[in-house]
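Just so you know, residue 1 is the first one in the sequence shown, and it goes up from there. Order of listing sets the numbers, starting from 1, for every ligand and every atom in it.
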Amino acid sequence: MYTALASIRIREGKEKQLVRHHPWVFSGAISKTPKNGLEKQPAVVRVEAASGAFIAYGWYDERSHIPIRLLSWDSAQIPDQSWWIDTLTKAVQRRQLLFNTLSQTNAFRLVHGEADFLPGITVDVFASTIVCIISARVAWFHRLLIVQTLQQLLNPTVIVVATDSAFCGIEQLKEVVEYYVDGQIKPTMPNNSEINFLENDLLYTMALGAGQKSGFYCDQRENRARLANYAQGREVLDAFCYTGGFSYNALKWGAQSITAVDSSETALERLASQLQANISQGKVPSDSAKRLQRIKADVFQYLRNMDQDRYDLIILDPPKLAQTKSQVPNALRAYKDLNRLAIQKIRKNGIIMSFSCSGGVSREQFQTAIAWAAIDAKREVQILETLGQPSDHPIRTSFPESKYLKGFIFTII
Ligand code: SAH
């Protein structure tokens, strides 16, 4: 279907990362704006070095903030429809082992964007519902093919496709939510829009197409499970709790009390309704409602105002504090602040689980922020565990941006 491909030259010296399979070509790397109608209609292009040597095939769309997204570095493999079907199928197949081995979890990431060679697409599955979040124009353009392939592979009840509001501005995309049943688009949300799923044998619910990102952060599955080693008998602060992923795991593993703090009222309401469901199914202790307190607050404010020695286990899981490279210095200050307050106020020998999901902040930078926080708090910190992202959120080494979630479990001596 793609004939007479236009060629696009890369400026001398700008090809190094691309040759090493980094998939993003920014406008400054393109030596000449192509003609061939490309300015009107996005299409597959042949990307070549200043010498004329083939680098890769990519998708050109000048309305994207990344005008070329490289897809195939194999000169014999043009990224046509069958490439999309094949690449998506392989991403799903790579998760098959995970499907088979985790009997108490049915919420996973099926596609982790560029890490799976599929730009701007994340796909999560929640029991028999699939949610695709689109953050690039190229993915929006191919969404029907994606939906139909997923329908064939997994036969879900519903597929939700939504654009990621964080990228709509820079990608010139509209904020849209679409619903597909049997691979066909539906004009409205299907009936029974509440879905149930399990993670670590705990029950979660969500309303289709609502909530943040895909509706649930399945990247914290293994880190939540670490509470098995730390929660027993503790007084826990779950800061940035969202719908309570860490809180339920803490309850399950014997926490004495939990304070769950978030600025989102909707998230806290969901936390409460899910708690009832977990209690009635015997998944958390029957007196859990008494043990868990919800507070709508700004976490920074809450930490400043809270009593000294109130908690002996604090979880800090803030949203992405650096959206871009230029925001990294401010984000590091915020990470330091958060951690300093927690380190200052926690009981001696307490445990802190601290996370950063900003791709632009490296693990080393994050650890340094914690080290500075400890110095300011005049306390000694000992790291017990180094945490990351689970295998359904793989890291592609030629695309370091896919490595984003890092965490530490540390104790205060
Ligand atoms: N720990 C959660 C995920 C956290 S996502 C889980 O396991 O599912 C980040 C959360 O921080 C979101 O729920 C968002 O509503 C909340 N948030 C963002 N800024 C905040 C702030 N300043 N104070 C309190 N909550 C905040």
For [atom], the protein heavy atom that lies nearest, with its residue and separation:
atom: atom 13 (O) of ligand 1; value: Asp262 OD2, 2.7 Å
atom: atom 1 (N) of ligand 1; value: Asp317 OD2, 2.7 Å
atom: atom 4 (C) of ligand 1; value: Phe240 O, 3.2 Å
atom: atom 5 (S) of ligand 1; value: Tyr217 CE1, 3.6 Å
atom: atom 19 (N) of ligand 1; value: Pro319 CG, 3.8 Å
atom: atom 22 (N) of ligand 1; value: Asp298 OD1, 2.7 Å
atom: atom 12 (C) of ligand 1; value: Gln212 OE1, 3.3 Å
atom: atom 7 (O) of ligand 1; value: Arg224 NH2, 2.8 Å

* Any side-chain heavy atom of Ile314 sitting closer than 4.5 Å to one from Asp238? -> no
* Asked: Is the closest side-chain heavy-atom distance between Val19 and Trp73 below 4.5 Å?
  ->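 Heavy-atom side-chain distance check fails, nothing below 4.5 Å.
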* **Options Cys241, Gly244, Ser263, Ser247, ranked by nearest heavy atom to atom 25 (N) of ligand 1, top entry** =>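 Among Cys241, Gly244, Ser263, Ser247, the closest heavy atom to atom 25 (N) of ligand 1 comes from Ser263.
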* If you measure every N/O of Phe300 against every N/O of ligand 1, is any gap under 3.5 Å? ->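 In this structure, Phe300 places no N or O atom under 3.5 Å from an N or O of ligand 1.
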* **Phe240 versus Asp317, closest heavy-atom pair with distance** => CB-O, 3.1 Å
* To do: Provide the closest heavy-atom pair for Pro318 versus Cys357 in the form atom of the first, atom of the second, distance.
  => O-SG, 3.9 Å
* **Enumerated ligand 1 atoms positioned under 4.0 Å from heavy atoms of Ser264** =>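 Those qualifying, in numeric order: 15 (O).
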* Answer yes if the ring centres of Trp59 and Phe141 are under 6.0 angstrom apart, and no otherwise. => yes
Where's the contact between [X] and ligand 1, heavy-atom distance under 4.0 Å: side chain, backbone, both or neither?
X: Ala267; value: neither
X: Tyr242; value: both
X: Ala297; value: backbone

* Donor-acceptor side-chain pairing of Gln41 and Tyr60 below 3.5 angstrom -> no
* Could you tell me whether Asp309 and Lys345 have a side-chain N and a carboxylate O separated by less than 4.0 Å? =>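 Salt bridge: no.
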Just list the side-chain donor-acceptor pairs under 3.5 Å for residues 162-172, sequence neighbours left out, or say none.
from	atom 1	to	atom 2	distance (Å)
Thr163	OG1	Lys174	O	2.7
Thr163	OG1	Val176	N	2.9
Asp164	OD1	Ala166	N	3.0
Asp164	OD1	Lys213	NZ	3.3
Asp164	OD2	Lys213	NZ	3.0
Glu171	OE1	Ser64	OG	3.1
Glu171	OE1	Arg69	NH2	3.3
Glu171	OE1	Arg137	N	2.9
Glu171	OE2	Ser64	OG	2.8
Glu171	OE2	His65	N	2.8
Glu171	OE2	His65	ND1	2.5
Gln172	OE1	Arg63	NE	3.2
Gln172	OE1	Arg63	NH2	3.4
Gln172	NE2	Arg63	O	3.4

Distance-only criterion, 3.5 Å: show the donor-acceptor pairs between side-chain atoms of residues 365-377 and protein atoms not counting sequence neighbours.
from	atom 1	to	atom 2	distance (Å)
Gln365	OE1	Ser362	N	2.8
Gln365	OE1	Ser362	OG	3.4
Thr368	OG1	Glu364	O	2.8
Asp376	OD2	Lys336	NZ	3.0

